[in-house]
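In what follows, a single structure is set out as structure tokens and then discussed.
Numbers here are sequence positions counted from 1.
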Amino acid sequence: MNDNTTTLSLNGKEFKLIGTAHVSRESIEEVRGIIQEEKPDIVCVELDQGRYNSITQNDNWEKLNLSKVFRERKGFLLIVNLILASFQRRLGNELGVKPGEEMKTAIEAAKELGIPHSLCDREVHTTLRRAWSSCGFWNIFKLL
């Protein structure tokens, strides 16, 4: 176990938190190794269902209903998400790793061992909306 893993105890149960980078070959190997070694009762992955779908389904763009996105006033969040995804994809291309591969690996390793998994994050739109509303105009301008 390296410095990216923290063990916590609560009510007689032990939790291991694995700090990962979304575009790191080492993170992928570490996640797989810890799950195989520890064989936990459950594997929780910091993803919501929408982000899980986007990293596991290659045809997401074909299914995207842009008029629905804009009707629900999520167009701005879509743009922010595209900017962040583009940055991660570029970084991943340079490093030879797909963004989020460590999370997919955690789920795959759990399935291989018959361990249940859970997606344990709130919807990314909530996070982006909160982050965006806390930025001032100048910071938003610099980001874009």
Side-chain angles (χ1 to χ4, degrees), residues 1-66 68-136 139-140 142-144:
M1 205 172 330
N2 72 31
D3 294 336
N4 298 325
T5 304
T6 301
T7 302
L8 304 168
S9 293
L10 180 66
N11 296 332
K13 297 194 185 252
E14 187 176 273
F15 298 86
K16 290 201 184 299
L17 302 176
I18 307 168
T20 63
H22 291 313
V23 288
S24 164
R25 177 76 45 211
E26 292 81 18
S27 287
I28 295 168
E29 293 166 8
E30 179 181 16
V31 163
R32 180 175 298 284
I34 290 174
I35 292 170
Q36 289 174 339
E37 180 182 316
E38 296 288 331
K39 294 179 184 55
D41 296 330
I42 189 168
V43 172
C44 298
V45 182
E46 188 184 9
L47 276 176
D48 64 27
Q49 188 64 52
R51 287 188 300 148
Y52 174 74
N53 292 343
S54 73
I55 65 173
T56 58
Q57 299 173 2
N58 295 329
D59 62 349
N60 252 8
W61 286 108
E62 295 171 16
K63 295 178 183 177
L64 184 63
N65 183 340
L66 285 176
K68 181 181 176 190
V69 169
F70 286 105
R71 260 196 325 273
E72 293 176 356
R73 298 181 180 205
K74 293 183 178 178
F76 202 63
L77 294 172
L78 174 65
I79 292 169
V80 172
N81 206 7
L82 289 172
I83 292 168
L84 294 172
S86 173
F87 173 74
Q88 282 189 337
R89 194 170 23 260
R90 229 174 322 147
L91 189 58
N93 285 340
E94 289 177 19
L95 299 173
V97 177
K98 288 183 181 178
E101 195 66 28
E102 84 288 2
M103 293 185 275
K104 276 178 57 177
T105 297
I107 292 169
E108 290 166 5
K111 286 179 180 178
E112 288 167 8
L113 296 169
I115 299 169
H117 70 276
S118 178
L119 304 178
C120 301
D121 202 1
R122 68 176 168 217
E123 209 178 293
V124 71
H125 297 296
T126 302
T127 302
L128 290 175
R129 190 177 298 117
R130 287 180 180 176
W132 200 258
S133 66
S134 69
C135 289
N139 287 331
I140 291 171
K142 287 191 297 187
L143 178 63
L144 293 175

Roughly how far, to the nearest 0.5 Å, is the CD1 atom of Ile34 from the NZ atom of Lys39?
13.0 Å
Which pair of heavy atoms, one from Glu102 and one from Val31, lies closest together, and at what distance?
O-CG1, 3.8 Å
Rounded to the nearest 0.5 Å, the CD1 atom of Ile35 sits from the CD1 atom of Ile115 at a distance of 7.0 Å
For the pair Ser24 (side chain) and Glu26 (backbone), establish whether a donor and an acceptor sit closer than 3.5 Å, ignoring hydrogens and angles.
yes
Please name all residues satisfying side chain to side chain donor-acceptor pair (under 3.5 Å) with Glu29, sequence neighbours left out, ordered by chain then number.
none
Taking all non-hydrogen atoms of both residues into account, name the closest pair between Ala21 and Ser27 and its distance.
N-OG, 3.0 Å
Provide the closest heavy-atom pair for Ser118 versus Ile42 in the form atom of the first, atom of the second, distance.
CB-CD1, 4.1 Å
Is there any side chain to side chain donor-acceptor pair (under 3.5 Å) pair reaching into residues 103-117, and which pairs are they, with sequence neighbours excluded?
Arg32-Glu112
What one should report as the nearest heavy-atom pair of Arg51 and Asp121 is NH2-OD2, 2.5 Å
Tell me whether Lys13 is salt-bridged to Asp41, with the criterion being a basic N under 4.0 Å from an acidic carboxylate O.
no
Those residues that, when tested against Asp48, pass side chain to side chain donor-acceptor pair (under 3.5 Å) (two or more places apart):
none
Atom pair OG1/CG of Thr6 and Leu8 - distance to nearest 0.5 Å:
6.5 Å
Answer yes or no: are there more than 12 heavy-atom neighbours, outside Gln36 itself, under 6.0 Å from its atom CD?
yes
Side chain proximity check, Tyr52 to Ile107, heavy atoms < 4.5 angstrom
yes
Measuring from Glu38:CD to Thr7:OG1, what's the distance to the nearest 0.5 Å?
7.5 Å
